[in-house]
Every structure is written in structure tokens, then in C-alpha cells.
Amino acid sequence: MLDKTYEPTSVEARIHAAWMDANAFAAGAGAKPGADAFSIVIPPPNVTGSLHIGHALNNTLQDVLVRYNRMLGNNVLWQPGMDHAGIATQMVVERQMMEAQEPGRREIGRDKFLEKVWAWKEESGGTILNQLRRLGASCDWSRERFTMDEGLSKAVLKVFVELYDKDLIYRAKRLVNWDPHFETAISDLEVENIEVDGHMWHFKYPLAGGETYTYEEKDEDGNVTFSEVRDYISIATTRPETMLGDGAVAVHPSDERYKPIVGKLVQIPVGPKEHRRYIPIITDEYPDPNFGSGAVKITGAHDFNDYEVARRNNIPLYALLDTKGSMRADGVPYAEAAVVAQAIAEGREDFDDAKIGALNIVPDDLRGLDRLVARQRVIEAITEEGLAVMVTDEEGNASPLVENKKIMQPFGDRSKVVIEPMLTDQWFVKADVLAKPAIASVREGRTKFVPEGWQNTYYHWMENIQPWCISRQLWWGHQIPAWYGPDGEVFVAHDEAEAQKKADAHYSKTVEITRDEDVLDTWFSSALWPFSTLGWPDKTPQLDTYYPTSTLVTGFDIIFFWVARMMMMGLEFTGQEPFGTVYVHALVRDEKGQKMSKSKGNVIDPLKLVDQFGADATRFTLAAMAAQGRDIKLAMSRVEGYRNFVTKIWNAARFLEMNECFRVEGFDPKTVSQPLNRWIIGATGRAIAQTTQAITDMKFNEAANAAYDFVWGTFCDWYLELSKPALTGEDAALKDETQATAAFVLDQILKLLHPFMPFVTEELWAETGKTGPARDTLLMHAEWPDLLSLADAEADAELEWLLAVISGIRSVRAEMNVPAGAKIPLVVVQAGDQTRSRTATHQPAIERMARIEGVTFADAVPANSAQVIVGEAIHALPLGDVIDLDAEKARLKKDIDKLDGEIAKIDKKLGNEQFVAKAPEEVIEEQKQRKQTALDRKERLNTALSHLG
RNA sequence: GGGCGGUUAGCUCAGUUGGUAGAGCGCCACGUUUACACCGUGGAUGUCGGCGGUUCGAGCCCGUCACCGCCCACCA
């Protein structure tokens, strides 16, 4: 016996256990012999993660595809696993150590620290995978992988070494994005540019030796509009503290204003006077003569643009900041450093990167200060000295020129602190080389994006791809397999022994080598996920069967981070695209369209939804709202609505149970004879076909809605109601057939809904199997249905008629305010043979559903009747004195007016020569038919009207 | 600065070979019926963001403007 109400929580736990016991999620479970493979790799969640609504959406969609394909009989693998998430995990463990007031990681050392992280991972990591189980995700959990597993690490090692050997990985000193909080380099993608309020200061750089020149501004015609003798050049900056590291001032070669002083030296107006450096005025294409003063200070070590200018012009790159973003405090005192720097600036001394890098030219009094404090000091000192550009207000008061300005400032996506360009030694991947085949794969259609539009995003990024900085100054991750000889020579190898061998060979003697401390970007290992999880580089049967994977389901926010890199690595190392289709789903926002975030407090916890409404309702909501190319604004009312849908199905099953529908053995839908039953079987087939097509097209919302509409709107609202006379009637044969049909259709519904609502459907499958023929398989391994061949046009027409009769009568009753409880007679006027026979067949249903008592046929409409036109017949409801004749007249008149409007519209069309000449024949035919139908109906309505006198 | 997406009922959203505008929620009215009030029946509601164009015909195609959102980008 089914319980009166469905209790998701207990059922879900029990059903999930049953699936696990049956090993039902295992790769290939339920597959037909020789079936095609269908595989999906899960976007590996962070080991530190917990389920948020985006995961719920992402995994629901994957599970829909996976369960659907399993039911098709395909050989299915859904590969689960987790990502070690370098920065995030290290952060969690470090914070925990701090809270426990334990010694920090640097104090306990690398090995001890890593032990702690592993211990944390074993105990607290991966809660998200259990949360996915609650959603019903049918991953092959026995194949769970972790990016730091031995096997996957082996793959990482091999990929690194091979890319290095192919010269696609290199080590170099470059300006990179530096996170001062985590004290590591990060990639371009991990930087978020955010507009903030900033200031732009204007300062004077005095010319060496007190030289002067005439500064002139001209208009378009060459007339001098401003002229002044100056002994300085004016520059603007948003970062005054970096002036200490300036290597030059650049102007555009075409800039006439500065022609007289190009090549001369200017003094940096900051620092102890006796050691101020002189730097040259150079020309470069970079400065925009129309912006600011047209002169740009060049600080090669602290700005990406300046870096390029400095490289082009051989300008030294003075590093001013330490790893925490404070002013450097290392090296020799300022006085000594300044002398060397000056010698270099004047060309008296040679320099190279190493020499410049070691030189700390931060004045002693600024050393160790936070860069923002230093900035303030610099501004004050310059202003005090009178080297700030001044403006005078209306009252004649002079003040330094400081513009308030919106500036784009880079922030670390995890640390949320301001990122600094920093000159450091890092490892890079030549992404542009790897990108070429990855672009071609999409261009040539071997990998498709759904929705298609995302391919443009992909192209744009891939075609402008920058070298990928893959080294991170962290401990948690894959340590870079590079060792250094005594003179810094690099030896990349699979292990230390191999590196040692290479080193010894290189030096022709045994030398001491030390391993690179850095680890790889987490995304480096994620990029290998589709094949590393299947055992690569070993040639495993799994790799053979399930690679390339079928479909990747992911959010657009990681197209660059992950999808693009998997494409590059997959093609480079397997020669095949890692997936055929990339389905890109939207972001889930709150009801108002706001991005969910903890700080806004608008986060919807999917597990709370599961607790409150059940996993099935939660899943169904997400699927039903996953329209392509649009963000999902999740409204609670929708979840509630689909919870009601679950209840509806449950109650429908209870209804069948009460009517003993499940007892019939060996039912064959082809043998059904009753129109009602033939119709519902056909309708089921159409609903299945629609849902199937929608899933195939990955239009999850359409698939879910098609199933929903059919189950509620057709099966429950019409079929079950119409079947009641048969189910409670005396005709045993009719009853048998109806019981069997109802049970059969419910089975098909359970299959149809299973990919979306796995729990309640599996439960009902099991429960209904207890009172009927035993189930020979779990529902999740049942065969996906296809009933289109059982459609019956005649039955469809008959039921369409019946539905129109019942709806028509109901509508009239309500409009005429006939009390709902009142049973009234029905007189069918001018009925043809077909109508007569249909009416006889369905009289019990009409009486029951339209609250009719007694059906008769007549040639004329009885007096005082409300009238419903269906087909050729008038269905008259004699209401006697109850009827409001005026109301009925008005009602009929309104209908006629409506038809008149329609007829007029069609006439206008048909009267248009252009339309008749140019519209396709079938469209014209359709219009003509529509007009005829309207005319027929109008005629009957007029007849009906005339009956009212 | 460049690119992408959105604008349809009170709300949240569907709507592709261009052919008479839909769902859920909410709202109004009525509740008879041994599945279900997490329900049933009936009902109301739209210059499909503005303007222009193509077409016999435009929510859909083209142009343009407005507003909203996102992505990318080096203006000191």
C-alpha cells in the first residue's frame, strides 16, 4: 500500500541505498550488449567545496543525460572526482592552524604541512560528493578520482616533462600578476579588474642641470595657443610610490612639444636629494600625445605597459616591492644602491636583470612600509618641495593638481586584495601554440558548443591567448619536476634520479641538485581530467571505451579556465578532442536577478531545498528553468509548484492502486480496443517523443515541460477522470482493459520522468510492482520507451470531440452561474450519426464530468436552453426558469462578434492580391478552412440565438 | 573602448525552417466528484522596450535608439 503522502526524505535515503547495493551506477550498468559508450566527466568540485545551487544545476543536467542514456541501453560512465584546489585548500588548512594557534606552515616546514593538508582532505574534504549523492547524482562512485592521486599525478608529470621537451613549457623572468596576500603568482584569469575611485597626481620632473626649453601647445592650424619656458617635464600618475623605480620618461615620437628635450635627462623628484637619479626622456609609440601631458613615466617592473616599453628601449627594471606588497627592505643601504643605479642610468656601468633585481633603490626611510603608506609619503614630500603641478582656484589659492578618477584596479579572485605586477621567475606554457588545433576543432565542428554562441567567446580568448603562467609559490599541489644544478642550469625529469643523471651528464661529474619549490596551477591538472581519470598515460580499457567523452556540462565562467585548457591538452596528448559537445549552462541567480553571494545573504542552499521539497522537486525545478542562453532566476514558488507535481504523481499512483490496476499480467498495448485507452496510449507516445527530442537537443526545460504538461494536464486531468466510469462500472472486459492501460501508461510516465525525478519514480516503480507482475529490473535500468507507432488518429479525433463537449458544457455552466452541484439534462440537437454514437459511448463520462443527468437527442432546441456548439451539433442545456435569457443571448452574441472579427481579418487577407499571389498554397488553404470553420460555427450560433426568441 | 545577452501577462519565464501570443505562480468566482485542497472547475490580464525597414504577413529577420546585465580591454 502506498502511503497517503509521499515522504521524500526517508524514501530518498532508502532508494539511494538500493541503487548502491545493486551497483546500479557502475560503468556500463544496465547496458545492452555491444552498446555505444556514453561518458561524462564531472567538473571536479574543489575538495574544500560544499554544494551550492550552481553545482545542483550542473549535476542535475548531467544526471538527466546520464540516466536517459543509461535507459537507452548505452554503456554509460559518469566519472566523478575532485580537484585539489591549490590556493583554496592551502588557505583552509592554514586558517585552521592559525585558529588552533599552532605554528605556521613555514615554521613546521613543507613535509609536515603537506601531511596536515592530506589529513584534512581525508577527514573533512569532499563533503560535496556526499551532497551530490543526496541530489541523486548517478556517478560511478567506485571510480572516484582526485587530481593529486598517484595516477593523476603521474599524468601531470608526464605532461609537464613532454611539454618541456617539446619546448612548449619554459621558465623565464617576466612581469606576472602577483597576489601579495597569498604571496604567489597567479594567471591573468585569476585577476578581476574592478573599477574603483582613484586619484591622478601630476608632478614635475626637473631637467638635469637646470636646463630649460620652450613648451608650446598649438591648435589644429598650427597656431601657438600656449607658450612657456619650462625647466621640467610634467607627468601624471596614479601610483606615485612607483616613481622610485622609474627608468625613463617616454613621449610619442611625433609629439612636437617635447622635441627639444628628447634624449635629455630629468631628475626623479623624490628621495634624498644627494642621490636622486637621472633618467632619460625617450620616444616610444606607447604614450598617447592627447592624454594628460603626453609624457609617461616608465616603471618597467611595476606596470605591464611600462614593462613592454622598458624592454623595447633597454630600460632597467627596478623592483620596489617585496612579496607582501611592501616597499623592499633587503639589500645594501640606499646610499650605496643609488650610486650604482646612477652609474647605470648614465651608462657608466653595465647591467643585467640579475644585477638590477638585486638592487634595492627604495630610500631607507620608506623601506618596509606598506606601499600605500609609502605613496602618501612620496606625495607629501614632492608637494612640499614644490614639484607638484599646482592649480589656482577662483579665490587665488593654489593647490596641488589631483584628479579624482575611476581606475580599473586588479584584484585577486580568491584573496580579494590588490594584485601587483611583479617581476619574478616563473614557468609558462606556450598557450598560443596549443591553442591552434583547439581552435580548429571547434571551427571544424568536431567539438560543438551548445548554445552555439559560446564558441565566439571561446574563439576570442583562444585567438588572443597569452602565455599561461603555471607556477605557483604554494606548497599544496603538484611540485614542478624541475631541478637546478649549482649554476642554476635546469633539469626537467620525471623524478630526482633521472634529473640527477641528466645533471651529472651535463656537468660530467656528480653535482648537487635542488628541486624547484613551486607547484603547478591547479588548472594544469584539471586540464587533463577527461583522460587522466581514465588511467592515461596507461592504455586502459576505460580510456579505450570512454574517451573521448561525449558531453561536457559546465558553466560559462570556466570556459577559459577549464574547457579551453582541456581542449588544448586533450588534443596535444591524445590527438582527440576530449568531448564532442560542450553544453554551457547559465548562472543561477536569485529571484531578483542578483548574483548569489554570501555577503548579500541571498544564497539559496540546494540542500535546504532538498530537505524542504525533496530532491526530485529541486532537480525538476532546475531542469525546467534551464532554458538555453539565459540566466536562471530561481523563485521558491517554482520549487513549491514542482513539489506539488511530485505529490500529484504519487496520488495518481494511489488512485490506480485503489482501483487494482496493477494486477494485470502480460498486457500488450497493441490489443487495446477502447477509444479512451487507445487515445491515452497515443498521447503518451507523443509526450515521450517530445521529451526525447528535447533531451537530445539538450533543451532541458522543454523536456521537463513536455512531461509535466502531459502527466498533469492530460493523464491526470482527463484520462484518469474519464476512466472512472469504466473503473467503477460493471463491464468486466472494459474494466480490465482500462485498469491495464492505466497501469501501463503510469509505467511509461515513471520512465519518462525518471531522469528528472529519479527517487519518486523508482519508489513507485518498486511499490506498484508489489501488487502486480514483479519488476525484472530497476526503473533506472528500464528501457526508454517509444510508443509512437501506437498512435490512433480515430481515437484522437473522438477524444478531442469529447473533451470539447465536456469543456464547453462546463464553461457554459460556470458562465450561466449554474450551481456546481446541480445536475442538468443534456439535449443534443442536429446530431449526425457519429455524434450520436460517440455520445452514447461516452455518456457516462459526460454525465460525470459535466454534471449531466440524462442525455437525449432532438431535432429542435428546447426552450430556455443554454447552448454549446461542438462540431455540427448543438448541445442544449434546458435550464427552465433558472436561465437568464439576456445573459445567454449576450454570451452567444459575444462569441459571434469574436467570429466576425476573425472572419473579417481572414477576408482582408484573402482579398489582398499580394497575399494570394505570394503566400504558399498551404497557408492560403489554411486561411480558407479557418474561415469556413468560423462561418459554420457562426451559423450554428445564430441558430442557437434564434432559439432564444 | 570592444563584444555578447536581455527587454513578452501583476511576478518568474517559455516561444526557430516568419503564418491568428503561451506556462507556472499570483488574482477573481465557484466547489459537485472515494486519487490529490501540495486539489478540482471556470475566468480576467498583453501597443511582445521605442522608432524605422524588409515581407502578402514580423514577438521572430535587418537597421537604429533607450534601459538592464555580463565578458574582454594597457590609457599613464
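A note on names: the letters A, B, ... follow the listed sequences, proteins ahead of strands, and every chain is numbered from 1. Atom set for the values below is all heavy atoms of this structure, side chains included, hydrogens, waters and symmetry mates excluded.
- Across all strands, A/Arg930 comes closer than 4.0 Å to base atoms (heavy-atom distances).
- Between A/Ile852 atom CD1 and B/U41 atom P there is a gap of 17 Å when expressed in whole angstrom units.
- Checking B/G42, B/C38, B/A76 against every side-chain atom of A/Arg810, the shortest atom distance belongs to B/G42.
- Taking atom P in both B/G69 and B/A21, one finds a spacing of 32 Å when rounded to whole Å.
- Between the CG atom of A/Asn177 and the C1' atom of B/A73 there is a distance of 14 Å, given to the nearest Å.
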ask   = Can you give one letter per nucleotide of nucleotides 29-35 of chain B, 5' to 3': B if a protein heavy atom sits under 4.0 Å from the base, S if only from the sugar-phosphate, - if neither?
value = -S-BS-B

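- Residue order along RNA chain B, read from the 5' end via each residue's closest nucleotide, puts A/Thr647 first among A/Thr647 and A/Thr238.
- Looking at residues two or more places apart in sequence or on another chain, you find no salt bridge (charged side-chain N to carboxylate O under 4.0 Å, His left out) involving A/Glu403.
- Judged by closest nucleotide on RNA chain B, A/Lys699 is the one of A/Gly292 and A/Lys699 placed further toward the 5' end.
- For residues 281-291 of chain A, the set of pairs meeting the salt bridge (Lys or Arg N to Asp or Glu O under 4.0 Å) definition, not counting sequence neighbours, comprises A/Asp284-A/Arg312.
- A/Lys648 pairs by the salt bridge (charged side-chain N to carboxylate O under 4.0 Å, His left out) definition with nothing, not counting sequence neighbours.
- In this entry the distance linking CG of A/Asn456 with C1' of B/G5 reads 12 Å, nearest Å.
- Between the CG atom of A/Asp900 and the P atom of B/U20 there is a distance of 20 Å, given to the nearest Å.
- Here the nucleotide nearest the side chain of A/Ser811, chosen from B/C56, B/G24, B/G42, is B/G42.
- With sequence neighbours left out, A/Phe449 forms a ring pair (Phe, Tyr, Trp, His ring centres under 6.0 Å) with A/Tyr458.
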key: Paired and unpaired positions of RNA chain B as dot-bracket, Watson-Crick or G-U wobble under 3.5 Å, | denoting a partner strand   = (((((((..((((.....[..)))).(((((.......))))).....(((((..]....))))))))))))....

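- Atoms CH2 (A/Trp712) and C1' (B/C39) sit 8 Å apart, rounded to a whole Å.
- Here A/Glu241 pairs with A/Arg239 in a salt bridge; the nearest charged N to carboxylate O distance falls below 4.0 Å.
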